[in-house]
Amino acid sequence: MENKNEAITRQEDDFAQWYTDVCRKAELMDYSSVKGFIIYRPYGYAIWEEIQKYLDQRFKAIGTENVYMPLVIPESLFNKEKEHVEGFAPETLIATIGGKNELDDRLIIRPTSEVLFSEHYSKIIKSYRDLPKIYNQWCSVVRWEKTTRPFLRGSEFLWQEGHVMFASAEEARKNVLDILEIYNDLGRDVLAIPFVKGRKTDKEKFAGAKETYSIEALMPDGKALQSGTTHYFGTDFAKAFNVVYQDKDGSLKSPHQGSWGVSTRLLGSIIMVHGDDNGLVLPPFVAPIQVVIIPIQMAKEGVMKKCHEIYKIVKKLNLRVKMDDSDHTPGWKYAEYEMKGIPLRIELGPRDIEKDQVVIAKRNTGEKIFVKIHDLEEKIPELLKSISEEMYERAFKYLLDHTTEVKSMDELNKALEKGGYAKMMWCGEEACENKIKELTTATARCLPFNQTAFSDVCPVCGKKATKVVLFAKAY
RNA sequence: CGGGAUGUAGCGUAGCUUGGUAUCGCGUCUGCUUUGGGAGCAGAAGGCCGCAGGUUCAAAUCCUGUCAUCCCGACCA
């Protein structure tokens with residue numbers, strides 16, 4: 001029987017409310033008493049930990065070392081890089097009192113750590129032998145946001161920030177593109193999210209960066225969500241912070257710098273891309289619980305015993321498994337674990353025991369299948385893999401269906417109305433970019449790496465267009 | 001930060017116009033019966049009505065401020 005109080009808002013009724021409902025009912029987070037600062041509850045934090053595991057291992061495989069930098073940056077230091085400061089100044093949180101005294105040099109709670117890394121690098125990089133430096137830190141940062149939403153935009157969020165120094169521009173650029181590829185792999189293989197890889201326009205790039213690259217995900221409400229970025233800085237930052245090394249030939253040079261990061265915003269992507277009206281749908285490889293076992297008629301002879309056997313079989317596969325032997329009814333448990341997005345549910349009762357089988361329900365499709373117990377060992381890993389692929393395919397199809405090539409302002413408007421990306425040829429002028437934003441509120445998400453031209457006229461100004469650009473409304 | 005809406009038990013709510021010690025459902029706890037899609041019966045606990053001031057003999061209700069959440073803009077990962 002439908003229990004209205006347990007249900008969440010339907011997506012089609014109010015997508016934003018659905019999102020918030022899922023965040024709370026799936027116990028991913030809770031609000032704290034300070035605006036924009038959320039509590040990452042165990043279930044939500046565990047997803048982040050899985051993301052961390054994957055990325056940390058990939059980062060280290062290409063020579064990255066983890067470090068930890070201070071939480072605070074003296075204002076005087078922060079102000080060294082002009083363009084960067086202008087980008088962040090409006091959203092910094094500043095500590096002004098230490099103990100009982102006003103601070104002479106106020107302390108900025110890091111909104112990002114470019115300047116701390118740069119300052120440190122100026123001390124430890126002296127010779128070409130000290131390069132490259134590929135450092136990363138896992139931490140939280142604070143940005144005083146005006147409007148906040150769980151995971152999507154918080155005043156504090158968790159992330160990793162890589163800050164790298166190389167002797168040459170080529171190496172630095174290669175590093176930030178390699179990392180972008182790792183982010184993309186994370187999406188494809190782990191999160192089941194198809195990202196669009198591309199370069200940001202000058203207008204949209206990071207404060208102080210020469211080049212900014214991003215991975216963009218498309219949400220079911222038609223809005224794009226930037227899910228990760230990498231930046232190439234050139235030598236400007238290094239120069240501002242006096243990072244100088246002596247090269248083999250004895251000359252003094254500035255290294256080429258890059259940075260890259262993904263944040264807990266990825267959880268927002270996961271929730272929206274895959275979720276449905278029954279709640280969360282987690283990609284199998286980040287699900288904190290991958291398989292849940294529900295005993296049916298627990299009091300009946302042999303049921304619990306058989307459930308424990310199944311538990312052991314799944315555990316042995318190195319999977320994250322939970323058995324729920326609480327006294328809730330099976331129906332309650334089904335709904336509960338659907339809300340939590342657990343990829344596979346195993347139901348086991350007297351009827352199954354007779355047939356030496358279990359019932360397996362797939363969260364992503366709702367499909368129920370019967371599997372003989374002796375086949376479980378082989379079948380479960382297969383199912384998890386195919387679920388991940390099905391989820392990716394579904395999201396990819398949505399992405400394709402909502403990427404529309406447009407050749408006129410009229411088509412652009414229609415494409416944005418439908419939701420998703422309006423793909424157009426662009427002359428490269430910021431004026432045209434601004435005009436689209438003014439008329440539609442959509443922004444240039446990126447110049448996708450796939451630059452297959454399909455016209456040579458900019459629909460805004462009518463001049464010659466050479467670049468493929470994706471416009472969309474964004475989070 | 002501008003415009004709009006909303007805050008009453010863990011969740012969802014009634015009451016507010018016309019001030020007088022807070023309603024109902026779900027959840028929680030106990031017991032028994034149950035268990036293949038959010039179980040049934042019986043009993044119980046749980047609230048300084050978001051917070052802070054003010055008006056009043058008396059404030060959930062009226063006034064001011066503030067905080068939070070949601071929506072629409074501007075800004076940003």
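Every chain is numbered from 1 and lettered A, B, ... according to where its sequence line falls, protein lines coming before strand lines.
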Checklist entry - Can you name the one residue among A:Thr229, A:Asn175, A:Thr230 that meets side-chain hydrogen bond (donor to acceptor under 3.5 Å, both in side chains) with A:Trp260? => result A:Asn175
Checklist entry - Cation over ring, A:Lys200 on A:Tyr213, under 6.0 Å and within 45°? => result no
Checklist entry - Roughly how far apart, to the nearest Å, are B:G19 and B:U61 at atom C1'? => result 6 Å
Checklist entry - With a 4.0 Å cut-off on heavy atoms, is A:Gln160 in touch with a base, just the backbone sugar-phosphate, or nothing at all? => result nothing
Next on the checklist: Please report the distance separating the C1' of B:G50 from the corresponding atom of B:G7, rounded so that it comes out in whole Å.
Outcome noted: 6 Å
Next on the checklist: Tell me if the centroids of the rings in A:Trp332 and A:Tyr334 come within less than 6.0 Å of each other.
Outcome noted: no
Checklist entry - Any N or O donor-acceptor pair linking the side chain of A:Glu336 to the base of B:G37 at under 3.5 Å? => result no
Checklist entry - Which whole-number value in Å describes the distance from A:Arg41 CZ to B:G10 P? => result 14 Å
Checklist entry - Quick one: do A:Arg188 and A:Asp185 make a salt bridge, cutoff under 4.0 Å? => result yes
Next on the checklist: B:A39, OP1 or OP2 - any side-chain N/O from A:Thr329 closer than 4.0 Å?
Outcome noted: yes
Next on the checklist: In this structure, how many angstroms lie between the P atom of B:U35 and the CE atom of A:Met304, rounded?
Outcome noted: 16 Å
Item to check | Audit row: A:Trp138, A:Leu158, side-chain contact (heavy atoms from CB on, under 4.5 Å) steps and yes/no | outcome: CA-CA 8 Å; A:Trp138 293 94; A:Leu158 309 182; over 6 Å; no
Next on the checklist: If you go through the side-chain atoms of A:Lys333, does one of them form a donor-acceptor pair with the base of B:G36 closer than 3.5 Å?
Outcome noted: no
Checklist entry - Given atom NE2 of A:His328 and atom C1' of B:G40, what is their separation to the nearest angstrom? => result 16 Å
Checklist entry - Heavy atoms under 4.0 Å, any strand shown: does A:Val141 hit a base, just sugar-phosphate, or nothing? => result nothing
Checklist entry - Is A:Arg173 positioned over the aromatic face of A:Tyr232, cation under 6.0 angstrom from the ring centre and no more than 45 degrees off axis? => result yes
Item to check | NZ/NE/NH1/NH2 to OD/OE distance under 4.0 Å, A:Glu309 and A:Lys312 | outcome: no
Checklist entry - Near RNA chain B, under 4.0 Å by heavy atom, which residues of residues 281-303 of chain A? => result A:Ile296, A:Gln297
Checklist entry - Which value, in whole Å, describes the distance between the C1' atoms of nucleotides B:U8 and B:C72? => result 28 Å
Checklist outcome for this item: Within residues 342-352 of chain A, those residues having any heavy atom closer than 4.0 Å to RNA chain B are A:Arg345, A:Glu347, A:Gly349, A:Pro350, A:Arg351, A:Asp352
Checklist outcome for this item: Sorted by chain and residue number, the ring-ring contact (aromatic ring centres under 6.0 Å, His included) partners of A:Tyr421 (sequence neighbours excluded) come out as none
Next on the checklist: Rounding to an integer number of angstrom, what distance separates B:C62 and B:C16 when you compare their C1' atoms?
Outcome noted: 10 Å
Item to check | B:C48 and B:U30, which share atom name C1', separated by this distance in whole Å | outcome: 28 Å
Next on the checklist: Give me the stems containing RNA chain B, sorted by first residue, counting only three or more consecutive Watson-Crick or G-U pairs with both distances under 3.5 Å; say none if there aren't any.
Outcome noted: B:1-7 with B:67-73, B:10-12 with B:24-26, B:28-33 with B:39-44, B:50-54 with B:62-66
Item to check | Check: A:Phe206 ring centroid to A:His231 ring centroid under 6.0 Å | outcome: yes
Checklist entry - Should the pair A:Lys306-A:Asp352 be classified as a salt bridge under the 4.0 Å nitrogen-to-oxygen rule? => result no
Next on the checklist: Quick check with a 6.0 Å cut-off and a 45 degree axis cone: is A:Lys210 positioned over the face of A:Phe233's six-membered ring?
Outcome noted: no
Item to check | Under the side-chain hydrogen bond (donor to acceptor under 3.5 Å, both in side chains) test, residues paired with A:Glu91 that sit two or more places apart | outcome: none
Checklist entry - Would you call A:Glu211 and A:Lys205 a salt bridge, taking side-chain N to carboxylate O under 4.0 Å as the test? => result no
Item to check | Under-4.0 Å salt bridge between A:Lys368 and A:Glu347 | outcome: yes
Next on the checklist: Working note: A:Leu383 + A:Ile369, criterion side-chain contact (heavy atoms from CB on, under 4.5 Å); need CA distance, chi angles, decisive distance, verdict.
Outcome noted: CA-CA 11 Å; A:Leu383 278 168; A:Ile369 49 185; 3.8 Å; yes
Checklist entry - How far does the P atom of B:C71 sit from the matching atom of B:A39, given to the nearest Å? => result 32 Å
Item to check | Nearest-angstrom distance, P atom, B:A9 to B:G43 | outcome: 25 Å
Look for any protein N or O under 3.5 Å of an N or O in nucleotides 68-77 of chain B and output each such pair with its distance, or none.
from, atom 1, to, atom 2, distance (Å)
B:A68, OP1, A:Lys35, N, 3.2
B:U69, O3', A:Tyr31, OH, 3.3
B:C70, OP2, A:Thr148, O, 3.3
B:C75, OP2, A:Lys437, NZ, 2.8
B:C76, O2, A:Arg153, NE, 2.4
B:C76, O2, A:Arg153, NH2, 2.0
B:C76, N3, A:Arg153, NH1, 3.3
B:C76, N3, A:Arg153, NH2, 2.2
B:C76, N4, A:Tyr475, O, 3.3
B:A77, O3', A:Gln226, OE1, 3.2
B:A77, O3', A:Gln226, NE2, 3.0
B:A77, O2', A:Gln226, O, 3.2
B:A77, O2', A:Arg265, NH1, 2.2
B:A77, N6, A:Gly154, N, 3.2
B:A77, N6, A:Gly154, O, 2.6

Checklist entry - How far, in whole Å, is B:G4 from B:A22 if one measures between their P atoms? => result 35 Å
